[in-house]
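The first residue of the sequence shown is numbered 1, and numbering continues consecutively from there. Nothing here was measured: the structure is a model prediction, and the numbers come from that model.
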Amino acid sequence: MTSKNLFFRLVRQDIKKRIWCPIVIFITYFLILEVHMLMELDSIYKYAKDREYDLLHYIPDTLFGTKLITFSFIICATAFMCALGGFSYLHSKPQVDIYHSMPVSRTKLFWVQYISGILQCFIPLVFHVLVCLAIAASRSLLNTQSIVNSICFVGTELFIFFMVYSAVIAAVCLTGNLIISILGAGALFSYSTLIALLKGALFEHFFHTYISFGYEERLTVSPLGLIIRLKKQLPHNVEKGTFFSYNSLWQSIMLILIAVVIYTAAAFVLYRKRPSESAGKAIAFSKVEPILKTLIVLPAMLLSGLFFAELSGSYASSEQFRWFLFGAFFGFVIVCLLVEIAFRMDIRCALEHKKQFAFNAACAVLIVVIFRYDVLGYNTYVPLEKQMQSCAVSIDGLMEIAPPESITRNWYRYSDIKNYRLQTMHIEKNPSVMKLIRKAAKEGLHYKSINYYIGIEESQEYKELVEQQKNYTSITVGYNLLNGSKVYRHYIVDLSDTETVQLISEIFSDYQYKLGSVPMLSAENFYQSCPEIVCTSNFHEQRLRLNVEQQSTLSEIYQKELLKLTFEEAASTIPVGTICFLTKEDIKYHNYYNGYSLYDIYPQFTETIALIRKYGFDFNASLSVEEISEIRVRNYKIEAETEENFTDDNDYAVYTQKDKMKAIIEQAVNDRLEDRSFSYIRRLLNEEFGIEIVCTDGQYLPYGYTFRVNHVPDFVEKDVGEYKN
């Protein structure tokens, strides 16, 4: 009993000694929680008539729903303050002697300081949350969801606090003075996340097959990385329910709990093993000093190299690498000297550890050689077929359709098209896929750039480079391995190569490829969720409302013709129009013209075209010259080359003659259809020319137009195909 009383008495004395800390925390939480909540409530009351739902709908979010991540960084600052304030006595020899002379074990001293810091955060946090709930209850705005959000908010923030708090304590126990402790705590808080970012930057700089999909593949064990993961798992749409009803969020919280245990155990062990005489030194454990130096110097060296390579502004890879070497050498020498000075607190010790310097230099050279010459074969890596379960292939520019992830009144978010395909597509037992991948990996094609200078367009080097790369396109591959891991690679293929085109054609004909590329094919009862469509042809656009039978028939016929579509047809045919299937959310939030869920209508889709004509829209309808007052045509290439000689009044030709307008209309292609076409058919379009059509009512058609290749009327070539004086 005496021991227990002593423990709590020591905790109480520590809080009194550091009373400034809980006071600062109390005031900060008051401003962030109560004051901010009252501001939000006043805003809700003020604009209540403009809101779609009643007040109770927005209260769960106001009460801690969206504050979680914003407040997390305040919690991190609190953890730093509590940890540094509670354990900073370890940096002072007199204070260490006083603490260690007390008739209290080190274990008890550790937990006294540890619990004291937790209470300094926990008590103000819980108090302010209860006050916020009381304010909501006094206004009759408290509901069950608000209480659930509040409990989860407090729990999650405390888990984050425990994690960061323990990590900072571990850093303090590892170091011997306040400045180094702050730097060490910052490093431990974010080191693995920064290393992951550096790794991605290096891979992107040196490996042309590298592709990143964000933090999903950069998960780290540092507190910062786990907090970022938590943020990414939070849904952004409050209207679809609570923030705390998602399994992925709970997985992130479980990782944080595991980190809490690891960092707390590490802090406790370091505290117990920490020599008392290490107070005032840079590092408390001399044996880990060389390791820490290497962990600092090598990343700093690589970062310096990347910085100078980027700063050079050069597009030539050889020149970039020369500047990378300079930056790496410069950064290595400077950081080595600074680290030695910081660890010894004496500038005379800058060159004291020459063996450490040589070892780090050897490691630096080895790393640069590995990246520069791809020693480990990153660019040429292709898993064995026996290692693969399935794979996914995303071909740039081909059937780029992405489903919406979530939607609100003022916010619409779509899946990344590549990411969607790589997650949903599972191609199995298609030999053409592996043949194409091995061919692409072996050829190692990648886009090359040369430094720009005036007149580069006329140089032979530039012309050869453009000619060589004009038929290049990108493919992204996701390997789903039997061990459960996923590997992503990005390749460049040449569409002028007959074998490559044949392999792509065979992949395109694979049912699994189309199933993973087109959301309509994989969605259950797709038509039932899309009661309206927006049809766009070369010159017209119309919105149609369909009944259930019409929706079902259209969906069935379109999917049938889409599955029959061959690569040769898709690559050599300009679509006659598009269909945008409007979901109920689209209609509700007036999102009628989104550009990510457009489905192409090819001339080969005769049944679909006939059916929609029956519903009231004709994709083959042209534009009558009687509806046009004038057509304007400009040459973008000449404008770019002679920009200073052109003004808004003379940089285009104007046509009002009916015969010329008719000739232009017959060859004009809607740029919206062009943009959605596969890049292989760019050769069918003359992108140098831009066409604007003005109707008789003075309004422009909402789209721009260009010509088909070799179908530019002679009079247009004469008028805008050469320089004007």
| message | Just to verify, what does Arg708 make a side chain to side chain contact (heavy atoms under 4.5 Å, CB included) with, not counting sequence neighbours? | response | Ile574, Gln667, Val669, His711
| said: The criterion is ring-ring contact (aromatic ring centres under 6.0 Å, His included); which residues satisfy it with Tyr491, sequence neighbours excluded? | reply: none
| query | Who are the salt bridge (charged side-chain N to carboxylate O under 4.0 Å, His left out) partners of Glu568, not counting sequence neighbours? | reply | none
| request: Mind checking side chain to side chain donor-acceptor pair (under 3.5 Å) for Glu607 and listing every partner two or more places apart, or none if nothing turns up? | output: Lys560
| task | Could you tell me whether the side chains of Asn360 and Thr294 share a donor-acceptor contact shorter than 3.5 Å? | result | yes
| task | Please list, chain by chain and in numerical order, all residues satisfying ring-ring contact (aromatic ring centres under 6.0 Å, His included) with Phe329, sequence neighbours excluded. | result | none
| query | Of all residues at least two apart in sequence or in a different chain, which pass the side chain to side chain contact (heavy atoms under 4.5 Å, CB included) check with Asp374? | reply | Phe207, Tyr378, Asn379
| task | Quick one: list whatever passes ring-ring contact (aromatic ring centres under 6.0 Å, His included) with Tyr447, sequence neighbours left out. | result | Tyr472
| query | Centres of the Tyr558 and Phe605 rings: under 6.0 Å? | reply | yes
| query | Pairs in or reaching into residues 426-450: which pass salt bridge (Lys or Arg N to Asp or Glu O under 4.0 Å), with residues at least two apart or in two chains? | reply | Glu385-Arg438, Lys439-Glu443, Lys439-Asp497
| request: Could you tell me which residues satisfy side chain to side chain contact (heavy atoms under 4.5 Å, CB included) with Ile370, sequence neighbours excluded, listed by chain and number? | output: Leu366, Val375, Leu376
| Any salt bridge (Lys or Arg N to Asp or Glu O under 4.0 Å) pairs touching residues 506-515, not counting sequence neighbours? | none
| message | Donor-acceptor pair, distance only, cut-off 3.5 Å: does the side chain of Thr706 make one with the backbone of Phe689? | response | yes
| task | Could you tell me which residues satisfy side chain to side chain contact (heavy atoms under 4.5 Å, CB included) with Leu384, sequence neighbours excluded, listed by chain and number? | result | Lys386, Gln387
| query | Should the ring pair Phe206 and Phe321 be called parallel, tilted or perpendicular, given that the plane angle runs from 0 to 90° and is split at 30 and 60? | reply | perpendicular
| said: Once ring-ring contact (aromatic ring centres under 6.0 Å, His included) is applied, do any residues pair with His540, and if so which ones, sequence neighbours excluded? | reply: none
